[in-house]
Amino acid sequence: MSLGCKKVPFLDLPTPIEYLPNISRELGINLYLKRDDLTGLGMGGNKLRKLEYFLYDAQQQGATMLLTTGGVQTNHGRLTAAVAAKYGLKCAIVAIDEYPGEISANILLDRMMGADVILKEDDHLRSLQVQTHETAMAVKERYEAQDETVYYIPTGGSNELGILGYYDCAEELTVQAAELGISDSRIIVPVGSMGTYMGLFCGLKDMESPLTLSGVLIAPYEESVRAFAKSYFDKVKECYGLEFDAEKSDFHIDEDYTCGGYNNPVPEVREAIYNMARKEAIILDPCYTGKAFNGICQMIRDRKIEQGETIIFVHTGGQPGINTPHHRLEMEQELMDGIKIL
């Protein structure tokens, strides 16, 4: 299945789907994990599927540099830096955010891989989206004045081209689920900038997959998330000539478990992370997968997920986020009681 666009296939696919027996027993569901944290470059994560397409497009345009945007500890920025390093390109990452006080987590990895990280404080006068775009374009002009050919990738790689990685993954998941005998499953994925969710939505719909899809929103949207999804879908449909339509009600994105903000430290999210680590030896991150897994646990309590239901949870990576100062310090306090100094 293809929408006709080319990519640089640098990933070793498919990523595995693993059954989680201990968590499944505890929650009363059949929980599987799609291990898209095991995608290789730069410590892995979901954005690499999108970057296969962006890299090809950048190479076709003769780019010497990749430029992208996100939060100060952006996973997408880290993986853009990884792809740039691997393929001999320069990289810059722009964030409207404060310096976190130390070079750690994704910022450390960005710099290890040679990327420039450009931070600008929020002016609180305009939306983050407007500030991010203006700053990114100013930075782009600055590098172009230094004779770089700059290829711009939006936040999260979430545009019409960016959906293609998870459009492909929809077929991959459908085949794997059939092989495992779990074609009646529901896929659950964290939703941030929405490229991963939209790619899965379009791919599953286009191939008439028996799998269903739900998203767990990890931060509130400035506008209606379903209105945003509908607008995003319409752009994708027009771009690729998709032969199906979608309405706002078709986008199953749960907004009840954002815990109030993006990448904020939340005790119940940390507890969900600890539980997954202690029961299955799998590390989640506090921004995306930890918050989404906490959402799954809450959805079971709220009966939005029924007992005995089969869920495929997409692990989108992001584990370096546990070393972000405002998360790590909270974890250090909570876990100190297990440190025994003789």
message = So does Tyr151 get a backbone contact from the side chain of Gln61, meaning a donor-acceptor N/O pair under 3.5 Å?
response = no
task = State the CE-OG1 distance between Met276 and Thr289, to the nearest 0.5 angstrom.
result = 8.5 Å
ask   = Going from CG on Leu79 to NE2 on His76, what distance comes out if it is rounded to the nearest 0.5 angstrom?
value = 8.5 Å
ask   = Is there a side-chain contact (heavy atoms from CB on, under 4.5 Å) between Tyr32 and Thr310 once you walk through the steps?
value = CA-CA 8 Å; Tyr32 291 78; Thr310 301; 3.9 Å; yes
ask   = What distance separates Leu164 CG from Cys5 SG, expressed to the nearest 0.5 Å?
value = 5.0 Å
inquiry  = Please check this pair: side chain of Ser209 against backbone of Thr174, looking for a donor-acceptor N/O pair closer than 3.5 Å.
reply    = no
request  = Tell me, yes or no, whether the heavy-atom count around Lys7 atom NZ, taken from other residues, nucleotides or ligands under 6.0 Å, exceeds 12.
outcome  = yes
request  = Can you see which heavy atom on Ala229 is nearest to which on Met198, and at what distance?
outcome  = O-CE, 3.3 Å
ask   = Parallel, tilted or perpendicular: which fits the ring planes of Phe244 and Phe233, with parallel below 30° and perpendicular above 60°?
value = tilted
note = Closest heavy-atom pair, His124 versus Asp122, reported as atoms and distance to 0.1 Å, is N-OD1, 2.7 Å
Under 3.5 Å side-chain donor-acceptor pair for Asp123 and Gln131 = yes
Student check: side-chain heavy atoms of Leu67 and Val94 closer than 4.5 Å = yes
ask   = CZ/Phe54 to CG/Asp57 distance, rounded to the nearest 0.5 angstrom?
value = 8.5 Å
key: Exceeds 12 heavy-atom contacts within 6.0 angstrom, atom CD1 of Ile103   = no
inquiry  = Using the rule that Ile, Leu, Val, Met, Phe, Trp and Tyr join whenever any side-chain heavy atoms are under 4.5 Å apart, tell me whether Val216 and Val191 fall into a single cluster.
reply    = no
inquiry  = Regarding Glu121 and Tyr99, do their side chains bring together a donor and an acceptor under 3.5 Å, going by distance alone?
reply    = no
message = Are Tyr19 and Leu211 connected into the same hydrophobic cluster when the rule is that any two of I, L, V, M, F, W, Y join if their side-chain heavy atoms are below 4.5 Å apart?
response = yes
key: Side-chain donor-acceptor pair present, Thr155, Thr69, cut-off under 3.5 Å   = yes
task = Taking the side chain as every heavy atom from C-beta outward, state whether Glu18 and Ile282 have any pair of such atoms under 4.5 Å apart.
result = yes
request  = Quick one: closest heavy-atom pair of Asn46 and Tyr166, and the distance?
outcome  = CB-OH, 2.9 Å
key: Side chain Tyr240, main chain Glu160, donor-acceptor under 3.5 Å   = yes
query = Do any N or O atoms from the side chain of Thr74 and from the backbone of Gly71 form a donor-acceptor pair under 3.5 angstrom?
reply = no
task = With Thr15 as reference, evaluate Arg35, Gln176, Lys34 under the side chain to side chain donor-acceptor pair (under 3.5 Å) test and give the passing residue.
result = Lys34
message = Looking at Gly44, is its backbone amide N or carbonyl O close enough to the side chain of Lys47 to form a donor-acceptor pair, meaning the two atoms are under 3.5 Å apart?
response = no
ask   = Does the pair Ile93 and Ile118 meet the rule for a side-chain contact (heavy atoms from CB on, under 4.5 Å), with working shown?
value = CA-CA 6 Å; Ile93 303 161; Ile118 297 102; over 6 Å; no
ask   = What pair of heavy atoms forms the shortest contact from Val150 to Tyr143, and how long is it?
value = CG2-CB, 3.8 Å
key: Close side-chain approach of Cys297 and Leu27, heavy atoms under 4.5 Å   = yes
request  = Please check if the side chain of Ser158 supplies one atom and the backbone of Gly195 the other of a donor-acceptor pair under 3.5 Å.
outcome  = yes
query = What heavy-atom pair brings Ser193 and Gly156 nearest, and what distance separates the two atoms?
reply = OG-CA, 3.6 Å
task = Of all the heavy-atom pairs spanning Pro320 and Leu109, show the shortest one and how long it is.
result = CG-CD1, 3.7 Å
request  = Give a yes or no on whether Glu208 atom CD has more than 12 heavy-atom contacts from other residues, nucleotides or ligands under 6.0 Å away.
outcome  = no
request  = Would you mind reporting whether Lys90 and Leu66 have side-chain heavy atoms less than 4.5 Å apart?
outcome  = no
query = Considering residues, nucleotides and ligands other than Asp245, do more than 12 of their heavy atoms fall under 6.0 Å from its CG?
reply = yes
inquiry  = Quick one, Arg49 with Glu172, criterion salt bridge (charged side-chain N to carboxylate O under 4.0 Å, His left out). Give me CA distance, side-chain angles, the key distance, then yes/no.
reply    = CA-CA 12 Å; Arg49 288 186 186 264; Glu172 184 177 304; 2.7 Å; yes
ask   = Is a side-chain donor or acceptor of Arg328 paired with a backbone partner of Glu332 at a separation under 3.5 angstrom?
value = no
Glu280 side chain vs Ile23 backbone, donor-acceptor pair below 3.5 Å = yes
Residue of the set Lys291, His327, His326 for which side chain to side chain donor-acceptor pair (under 3.5 Å) holds with Asn264 = Lys291
key: Reported OG1-to-CG distance for the pair Thr316 and Asn75, which is rounded to 0.5 angstrom   = 7.5 Å
ask   = Are Leu20 and Ile17 connected in a single hydrophobic cluster, I mean Ile/Leu/Val/Met/Phe/Trp/Tyr linked by side-chain heavy atoms less than 4.5 Å apart?
value = no
request  = Run the numbers on Leu242 and Cys202 for side-chain contact (heavy atoms from CB on, under 4.5 Å), then give the verdict.
outcome  = CA-CA 9 Å; Leu242 299 179; Cys202 293; 4.1 Å; yes
task = Look at the rings of Tyr221 and Phe228 and say which category their plane angle falls in: under 30° parallel, 30 to 60° tilted, over 60° perpendicular.
result = perpendicular
query = More than 12 foreign heavy atoms under 6.0 Å from NZ of Lys304: is that the case here?
reply = yes
4.5 Å side-chain heavy-atom contact, Ser214 and Ile187 = no
task = Report yes if the side chains of Leu3 and Asp206 come closer than 4.5 Å at any heavy-atom pair, otherwise no.
result = yes
Mutual orientation of the aromatic rings belonging to Tyr197 and Phe201 [parallel < 30°, tilted 30-60°, perpendicular > 60°] = parallel
ask   = Between the side chains of Gln73 and Asp97, is a donor N or O closer than 3.5 angstrom to an acceptor N or O?
value = no
request  = Determine yes or no for a side-chain-to-main-chain donor-acceptor pair under 3.5 angstrom, with Asn22 supplying the side chain and Lys279 the backbone.
outcome  = yes
query = Are more than 12 heavy atoms from other residues, nucleotides or ligands located less than 6.0 Å from atom CD of Glu243?
reply = no
inquiry  = In the structure I gave you, are the side-chain heavy atoms of Ser104 and Pro325 within less than 4.5 Å of one another anywhere?
reply    = yes
ask   = Is atom CE of Met112 surrounded by more than 12 heavy atoms (other residues, nucleotides or ligands) closer than 6.0 Å?
value = no
key: Test item: Ile188 and Ile305 side chains (from C-beta on) under 4.5 Å apart, heavy atoms   = yes
request  = Before giving the answer on side-chain contact (heavy atoms from CB on, under 4.5 Å), spell out for Glu171 and Leu204 the whole-Å C-alpha distance, their side-chain angles and the decisive distance to 0.1 Å.
outcome  = CA-CA 7 Å; Glu171 181 175 21; Leu204 293 171; over 6 Å; no
inquiry  = How long is the straight-line distance from NZ of Lys230 back to OG of Ser224, given to the nearest 0.5 Å?
reply    = 12.5 Å
task = Quick one: do Glu255 and Arg226 satisfy salt bridge (charged side-chain N to carboxylate O under 4.0 Å, His left out)? Show the steps, please.
result = CA-CA 10 Å; Glu255 303 175 70; Arg226 286 171 186 79; 2.8 Å; yes
message = I'd like to know whether CD of Gln129 has more than 12 heavy-atom contacts from other residues, nucleotides or ligands below 6.0 angstrom.
response = no
key: Side chain Arg78, main chain Gly42, donor-acceptor under 3.5 Å   = yes
